[in-house]
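Okay, structure first, notes after.
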Amino acid sequence: MKNAPIILFIYNRPEHTKKTLEALSENTLSKESELFIFADGPKENASPEQISKIEKTRSIAKSQKWCGKVTVFESKVNKGLAASITEGVTKIINEAGEAIVLEDDIVTGKYFLEFMNEALEKYRDEKKVWHITAWRVPVRARKDAAFFYPNMDCWSWATWKDRWQHYEKNPEKLKKTFTPDMIKRFNMDGTEGGNWWQVEENIAGRLNTWAIFWLATIFLNKGLCLAPAKSLVRNIGMDNSGVHCGEEAMQTIKGSIDLRIRKFPEIIETDEYEYEKIKEFKRILNGCIRTPAKTRIKREIKHLLKKWGLK
């Protein structure tokens with residue numbers, strides 16, 4: 001079995017990129033895999049400091065043979081993450097038929113490539129399966145199992161050419177197509193309001209993203225995503241260093257990510273038990289995110305006063 005090509009997108013975070021590449025190089029299949037790195041270019045008004053970070057990031061990418069074969073594409077202009085990913089994935093997947101995709105802040109466990117390649121091979125002809133991810137929210141789960149759910153996580157992912165060819169970024173079309181019931185399901189039964197919000201923000205021009213439209217493509221085609229019960233990757237970019245990812249301690253993976261997934265589902269359908277755990281996590285996560293700090297503090301004081309019998 002030939003391993004799928006790996007695509008990595010980098011920009012101006014040298015330390016994150018270095019950690020991502022070091023972890024990838026320690027994967028059990030890294031020496032047998034081909035890596036394509038797409039380095040975005042500086043913005044028109046980039047400062048000398050920003051240009052220096054871009055150059056340092058590229059230097060790290062070219063400093064070692066991180067996988068069996070490494071090719072670096074350096075853009076002279078700034079395309080932005082959405083265009084970089086769309087163009088880069090399309091280029092490689094059209095040539096190879098499948099691909100594994102990473103961004104510059106995803107540290108992988110040493111069995112990450114094993115999981116992704118095995119899943120790509122196993123479900124290649126299962127047309128209901130559209131997406132594979134090695135990310136899982138930090139919840140209690142079976143360590144060596146994988147499951148299906150009707151959503152998409154892009155903190156490490158893989159797919160096939162015949163699925164990716166349906167990708168379309170057309171928020172205005174989605175606005176006309178989606179009914180209130182569809183929006184609720186798209187928002188993970190109301191637990192993740194940020195999904196449809198992203199579509200509207202793209203329409204308004206306040207956001208320029210890609211992943212939400214891949215999710216919409218999967219959703220409209222009634223596709224499923226495969227994920228491990230325990231995360232095989234860790235996002236190190238939740239430190240406000242990236243364009244679209246802020247600090248969020250709740251999503252930090254604290255345990256080991258060096259796990260080998262041995263149990264893959266034979267029945268191609270949503271695992272409702274595992275999906276419910278994700279939705280419950282989202283309820284708590286989004287409740288914390290959207291509650292203003294003053295309100296949270298007031299609630300905590302009220303709780304403590306009640307606990308101490310003072311109210």
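In what follows, every heavy atom counts, from backbone to side chain, and hydrogens, waters and symmetry copies are set aside.
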### Task
Kindly determine whether Phe112 and Leu102 satisfy side-chain contact (heavy atoms from CB on, under 4.5 Å), including the steps that lead there.
CA-CA 11 Å; Phe112 163 77; Leu102 292 169; 3.9 Å; yes
#### Entry: Close side-chain approach of Gln50 to Lys43, heavy-atom, < 4.5 Å
no
Side chains of residues 219-226: which donor-acceptor pairs under 3.5 Å do they make with residues two or more places apart or in other chains?
from: Asn221; atom 1: ND2; to: Thr217; atom 2: O; distance (Å): 2.8

### Message
Please determine whether a side-chain nitrogen of the Lys or Arg among Arg58 and Glu55 lies less than 4.0 Å from a carboxylate oxygen of the Asp or Glu.
### Response
no
### Salt bridge Lys122-Glu266, side-chain N to carboxylate O under 4.0 Å
yes
### Query
Can you say whether the rings of Tyr149 and Phe147 are parallel (under 30°), tilted (30 to 60°) or perpendicular (over 60°)?
tilted
### Task
Given side chain to side chain donor-acceptor pair (under 3.5 Å), test Thr159 with Trp130 step by step and report yes or no.
CA-CA 6 Å; Thr159 193; Trp130 278 62; over 6 Å; no
### Summary
In terms of heavy-atom contacts, Ala134 and Ser156 come closest through N-OG, 3.1 Å
Please list, chain by chain and in numerical order, all residues satisfying salt bridge (charged side-chain N to carboxylate O under 4.0 Å, His left out) with [X], sequence neighbours excluded.
X	answer
Lys62	Glu74
Asp181	Arg185
Glu280	Arg283
Lys128	none

### Query
More than 12 non-hydrogen atoms from neighbouring residues, nucleotides or ligands closer than 6.0 Å to NZ on Lys184, yes or no?
no
Is there a path from [X] to [Y] through hydrophobic residues (I, L, V, M, F, W, Y) whose side chains come within less than 4.5 Å of each other?
X	Y	result
Ile132	Ile268	yes
Tyr111	Met116	no
Leu81	Ile51	no
Trp155	Phe148	yes

### Query
Should Glu103 and Ile85 be marked as a side-chain contact (heavy atoms from CB on, under 4.5 Å) after you check the CA-CA gap, both sets of side-chain angles, and the distance that decides it?
CA-CA 9 Å; Glu103 293 179 38; Ile85 288 183; 3.6 Å; yes
### Task
Please determine, by modelled atom types, if His131 and Trp214 share a side-chain donor-acceptor pair under 3.5 angstrom.
yes
### Pairs satisfying side-chain hydrogen bond (donor to acceptor under 3.5 Å, both in side chains), at least one member in residues 196-206, at least two apart
Lys175-Glu200, Trp196-Glu200, Glu201-Arg206, Asn202-Thr209
### Any residue meeting ring-ring contact (aromatic ring centres under 6.0 Å, His included) with Trp160, in chain and number order, not counting sequence neighbours
none
### Task
Under the ring-ring contact (aromatic ring centres under 6.0 Å, His included) rule, collect the residues that match up with Phe115, sequence neighbours excluded.
Phe264
### Task
For Ile257 and Val233, run side-chain contact (heavy atoms from CB on, under 4.5 Å): C-alpha distance rounded to whole Å, both residues' side-chain angles, the deciding distance at 0.1 Å, then the answer.
CA-CA 6 Å; Ile257 56 175; Val233 299; 5.5 Å; no
### Task
Only pairs at least two apart or in different chains count here, so list each salt bridge (Lys or Arg N to Asp or Glu O under 4.0 Å) that has a residue in residues 83-99.
Lys79-Glu87, Lys91-Glu95, Glu98-Arg124
### Set of side-chain contact (heavy atoms from CB on, under 4.5 Å) partners for Glu34, sequence neighbours left out
Phe36, Lys69, Thr71
### Message
For Glu26, give me all partners under side-chain contact (heavy atoms from CB on, under 4.5 Å), at least two apart in sequence or on another chain.
### Response
none
#### Entry: Verdict with supporting geometry, Gln64 and Leu21, side-chain contact (heavy atoms from CB on, under 4.5 Å)
CA-CA 9 Å; Gln64 294 185 40; Leu21 284 167; over 6 Å; no
### Message
Once ring-ring contact (aromatic ring centres under 6.0 Å, His included) is applied, what residue pairs with a partner in residues 40-80 remain, sequence neighbours excluded?
### Response
Phe38-Phe73
### Query
Is there a donor-acceptor contact under 3.5 Å from the side chain of Asp258 to the main chain of Lys110?
yes
